[in-house]
Structure formats: structure tokens, C-alpha cells
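Note that ligands are numbered from 1 as they come in the structure, with each ligand's atoms numbered from 1 the same way. Quick note: numbers below take in every heavy atom, side chains included, and nothing from hydrogens, waters or symmetry partners.
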Amino acid sequence: MSEGSLEAPVRHPIDWKNPDFYDEAKLDEELRRVFDICHGCRRCFNLCDSFPRLFDLIDEAPSEELDTVDSKDFKPVVDACTLCDMCFMVKCPYVPPHEFNLDFPHLMLRYRAVEAKKKGAPFAEKQLTATDRNGKLAAGALSGVANWATDRGNGLTRPLMEKAADVHRDAALPKFAKKTLVASAKANPPKADDKAPAAGKKKAVIYATCYGNYNTPEVGEALLGVLAKNGVAAEVVYPECCGMPQMEQGAIQDVAEKAKRVAASLERYVDDGYEVIALVPSCALMLKFEWPLILPDDERIKKLSAATRDASEYVVRLAKEFGLADGLKPLDGPVTVHIACHSRAQNMGQKATEMLKLIPEIELTVVERCSGHGGSWGVMKENFEVGIKVGRPVFRQAKANGKAKYVASECPLAGLHIAQGMEMSAKDADEKASLPETTPHPITLFAKAYGL
Ligand code: SF4
Ligand code: SF4
């Protein structure tokens with residue numbers, strides 16, 4: 001529930017099929033209506049860089065009001081939005097059902113959709129976010145070459161990438177895996193423990209997500225292990241990417257087409273009573289909430305949305321409904337867990353925290369604030385430094401006064417960004433050397449506590 005409102009927010013479907021959605025005069029009218037309310041309210045001043053840009057723009061205008069701001073100056077405000085959804089989900093008292101009917105992130109999305117319709121998505125971003133094409137090329141046999149080329153220490157390729165693709169030369173980029181999650185699950189199908197409390201009572205299929213399939217198969221492998229230990233033999237499927245990267249570019253039609261294809265391919269599981277576990281919170285958010293707002297009349301998507309779970313959410317439910325299998329042992333050090341914006345935006349409570357608290361004697365610090373990465377947004381040349389600035393409070397808190405052995409985040413890109421931010425903000429070589437080496441998904445720590 002939003003901080004300033006007594007009622008749960010209601011999100012209206014995105015009206016992207018209506019020609020008025022792309023009418024620039026109507027868009028400008030709506031931007032001015034919303035920006036004026038925000039300027040009077042200012043609650044979101046510290047959530048991201050969009051709001052400070054907006055407030056400075058208005059405060060520095062001749063009349064110090066919106067009437068003397070030129071609409072062409074709105075673009076930097078929109079450009080700074082990572083669509084993290086935090087203003088809508090946790091701050092804004094004026095979201096529907098309030099009569100002001102404010103949905104700031106979806107207004108930013110509309111602006112981008114209008115731009116994309118006019119000019120097409122920027123070439124460089126389009127290439128970077130073609131996650132399935134890139135993953136098929138770079139994961140597997142060629143992962144060594146791909147990882148060499150994209151390594152941030154590579155003084156040969158990274159300046160070229162910056163020039164050709166606008167990717168900041170210092171931004172950490174995800175590594176590609178030698179074996180995709182789908183291939184690894186096929187090679188080692190999980191064997192469910194038939195004596196576990198939940199044995200035979202649950203059916204689950206893991207939607208690998210592009211990141212979970214091509215970049216971090218170890219997260220899905222950890223989840224498969226935890227589920228098998230608890231009597232659930234999950235299958236892994238990966239029809240294609242959920243379209244979050246295209247959503248960030250305002251390419252709503254592309255997202256809708258992906259949604260329809262993925263929902264068609266998962267339908268037989270949903271109809272057969274399976275729950276669908278999405279490995280990355282942004283993707284779970286797409287399946288649960290964004291797709292039904294883009295295609296509100298599609299019955300397949302409604303069914304899939306109702307069956308979708310986040311990974312930590314699923315494990316917590318399993319624990320509540322049946323109790324967990326024995327065997328969890330304390331970890332070998334304190335943990336900081338970062339709660340990703342797109343986990344918060346699923347309105348389900350802090351499931352990663354709840355899950356980690358099931359590990360005996362855990363020493364846990366929770367950081368619930370935006371890390372500033374914003375998907376592919378944060379690696380672009382013009383955004384990388386803003387992303388590091390936005391994430392600074394998280395980097396500070398994540399160190400938990402130097403105690404944390406593990407800094408975990410459910411969002412793999414946030415994890416990567418936090419690791420880099422902690423390293424960049426370390427005061428000296430000693431502090432750098434004491435930082436955690438990896439930023440695992442909480443399920444990886446859970447699997448470790450099981451000794452898997
Ligand atoms: S969605 Fe996130 S990044 Fe965008 S304006 Fe709201 S808080 Fe800022
Ligand atoms: S989005 Fe809502 S809470 Fe945030 S500044 Fe605007 S009106 Fe205020």
C-alpha cells in the first residue's frame with residue numbers, strides 16, 4: 001500500500017491501442033497536469049533522478065512555475081526514469097482510486113512509446129536489449145570470447161563498444177554462461193525427495209527468463225535443488241524473453257507479442273495446475289502485472305498472471321503450507337539482503353527476507369532502496385554515473401559496517417551494480433579487499449544452507 005494513501009493502489013490498463021495515446025498535444029497536457037501535482041507535492045524527491053530533474057527544471061524557470069517551462073525540456077526527466085515503479089507503489093497518495101489518477105511510471109512509458117512510434121527505438125539500445133539473440137550467440141561455446149570482449153578491464157573492446165553502442169566503458173556487464181539453464185536442467189533433471197513434507201503435493205515450472213537462462217543458470221540450479229529437496233520436481237522452460245527491455249524503450253506492441261507467445265507456450269502447464277516461477281523479479285512483475293495491463297482482455301494472460309510466483313515467494317509459501325524439509329544449517333557469515341524495486345512492486349511483502357530468516361541463526365541486514373541500475377538503462381553512457389549516484393546509499397548500507405560476508409539481491413542486475421558501486425566507493429585497498437566477492441541471489445544462499 002502506498003505511504004500516503006489508505007487504499008491499495010489500482011492500476012488502470014495501458015491505453016496503448018487508442019490513437020489518443022500517441023497524440024502529442026494530449027500527452028503534453030497530461031505531462032503538465034501530472035508534473036504540476038508533483039511539483040506541489042515533492043514526496044518523491046529522493047527516489048531517483050527524474051524528480052530532482054523535474055523540480056529543478058520548474059524552480060529555475062522564469063516564473064518558477066510550469067507555465068514558463070518549454071515542453072522540449074521534459075525529455076531529461078523522462079530519460080532518467082528506470083520504470084522502477086517505486087513512486088507509484090510506495091509513495092504516491094494520488095494513484096487511482098484517488099481522483100487525481102496519477103501513474104507517473106506509465107506516463108513516462110507513454111512518452112517513450114510516442115517517441116518510439118515517431119523515431120523508432122535508438123539503434124544501440126535495440127541491439128543491447130535483443131537478449132535472446134545476444135544470449136544465443138554468446139552463451140555456450142563462445143562464452144569465453146564474449147566475456148573477454150565485454151569485460152570492463154578490456155581496454156581494447158570497451159572503448160569501441162562505448163563509441164558504437166553507447167555502453168559506458170566502466171559499466172560492469174553480465175557474464176554469459178558456458179551452459180544455459182535449460183541445457184543444464186536437461187542434463188541433470190532434478191529428483192524430488194519423496195519423503196519431504198510437500199512431496200507430490202505441488203507442481204511447478206520455472207520460467208528461466210533471459211538472464212536466468214543465458215547469464216546466471218546457477219540461480220535456477222539452486223532453486224531446482226531447494227525444490228527437489230522439498231519434494232517438488234520442477235521443470236525448466238524458456239520460450240523467450242518477457243519483453244521488459246522493450247518495455248523500457250516504449251515498444252509496447254513488441255511486449256504484447258512476446259506476452260502472447262509466452263502465455264500460449266505455458267498454457268498447458270497452467271491448465272494442468274502448475275505454478276510458474278519466474279527467476280527474475282522484473283520478469284515476475286511483467287507476467288503478474290504489466291502483461292495484464294497491456295492485454296487486459298486476454299484470458300490466457302490472466303490465467304498465467306494468477307499462476308505466476310516469484311522465486312522467494314514460492315519457497316516461503318511452501319514453508320507456510322507444508323513446512324520445509326529438514327537440513328538447513330547456519331551460514332558461515334552475516335548477510336545483507338537488498339530488496340529490489342521490482343520485488344517491492346509485486347506488493348507481496350519482503351519475501352527474500354522471510355525466506356532467509358528460515359535459515360537458523362542468520363544475521364541479516366535488510367536494505368530496501370533502489371540500487372539505481374534500471375536494467376539496460378544504467379549501463380548506457382549517459383546514465384551510468386547517474387545510476388551510481390542514485391545507488392550510493394545502498395552501497396553504503398550494503399556493507400553493514402564491514403560485517404557482511406554476503407550481499408544478496410534477488411535482482412541480478414542490481415547485484416552486479418551493487419558490487420561495482422561498493423568497489424567504486426571503497427575508501428582504500430583494504431576496504432576493497434574486504435568486500436564480498438559475489439552478490440548472490442538469496443536462493444543461492446538458501447541452497448548453501450541446505451548444503452546443496
Ligand atoms: S518509476 Fe522509479 S525511476 Fe521512474 S519516476 Fe518513479 S521512482 Fe523514479
Ligand atoms: S508521484 Fe505522487 S508522491 Fe511522487 S511527487 Fe508526484 S504526486 Fe508526489
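Within the listing of ligand 2, atoms 3 (S), 5 (S), 7 (S), 8 (Fe) sit less than 4.0 angstrom from a heavy atom of C41. Of all the atoms in ligand 1, the ones that sit under 4.0 Å from a non-hydrogen atom of C87 are 1 (S), 5 (S), 6 (Fe), 7 (S). Listed by atom number, the atoms of ligand 2 under 4.0 Å from P93 heavy atoms are 3 (S). Annotation for ligand 1: atoms under 4.0 Å from non-hydrogen atoms of P105 are 1 (S). Every atom of ligand 1 is numbered from 1 in the order shown, and the set under 4.0 Å from a heavy atom of C84 is 1 (S), 2 (Fe), 3 (S), 7 (S). Every atom of ligand 1 with a heavy atom of D85 under 4.0 Å away is listed here by number and element: 1 (S), 2 (Fe). Against a heavy-atom cut-off of under 4.0 Å, F104 is close to the following atoms of ligand 1: 5 (S). Listed by atom number, the atoms of ligand 2 under 4.0 Å from C44 heavy atoms are 1 (S), 3 (S), 4 (Fe), 5 (S).
Geometric assessment of R11 against the ring of F88 yields a positive cation-pi assignment under the 6.0 Å and 45° thresholds. A cation-pi arrangement, defined by a distance under 6.0 Å to the six-membered ring centre and an angle within 45 degrees of its axis, is absent between R42 and F51.
Looking at K288 and Q346, their side chains do bring a donor and an acceptor atom within 3.5 Å of each other. S312 and E410 form a side-chain donor-acceptor contact under 3.5 Å, judged by distance and modelled atom types alone. With 3.5 Å as the limit, one finds no donor-acceptor pair spanning the side chains of D151 and N154. Residues H106 and E290 have side chains that bring a donor and an acceptor to within less than 3.5 angstrom of each other. Counted by atom type alone, E99 and Y94 present zero donor-acceptor pairs between their side chains at under 3.5 Å.
Protein heavy atom in closest approach to atom 8 (Fe) of ligand 1: C48 SG, 2.3 Å. Annotation: atom 6 (Fe) of ligand 2 to nearest protein heavy atom, C38 SG, 2.3 Å. The protein atom (non-hydrogen) at minimum distance from atom 3 (S) of ligand 1 is T82 N, 3.3 Å.
Only the side chain of Y94 comes within 4.0 Å of ligand 2, judged by heavy-atom distances. Here F88 has no heavy atoms under 4.0 Å from ligand 1, in either its backbone or its side chain. At a heavy-atom cutoff of 4.0 Å, ligand 2 is contacted by no atom of L47, backbone or side chain.
The shell of residues lying under 4.0 angstrom from ligand 1, judged by heavy atoms, includes F51. Proximity of G40 to ligand 2 is not established, as no heavy-atom distance is less than 4.0 Å.
With a cut-off of 2.8 Å, atom 4 (Fe) of ligand 1 has an N, O or S atom of C81 in range. Among the atoms of C92, no N, O or S atom falls under 2.8 Å of atom 6 (Fe) of ligand 2.
Salt bridge R309/E313: absent, no basic N to carboxylate O contact under 4.0 Å. The residues E354 and K351 are annotated as salt-bridged, a charged nitrogen and a carboxylate oxygen being separated by less than 4.0 angstrom. Using a cutoff of 4.0 Å between basic side-chain nitrogens and carboxylate oxygens, E115 and K119 are scored as salt-bridged.
Between the OG1 atom of T68 and the CD1 atom of I58 there is a distance of 9.0 Å, given to the nearest 0.5 Å.
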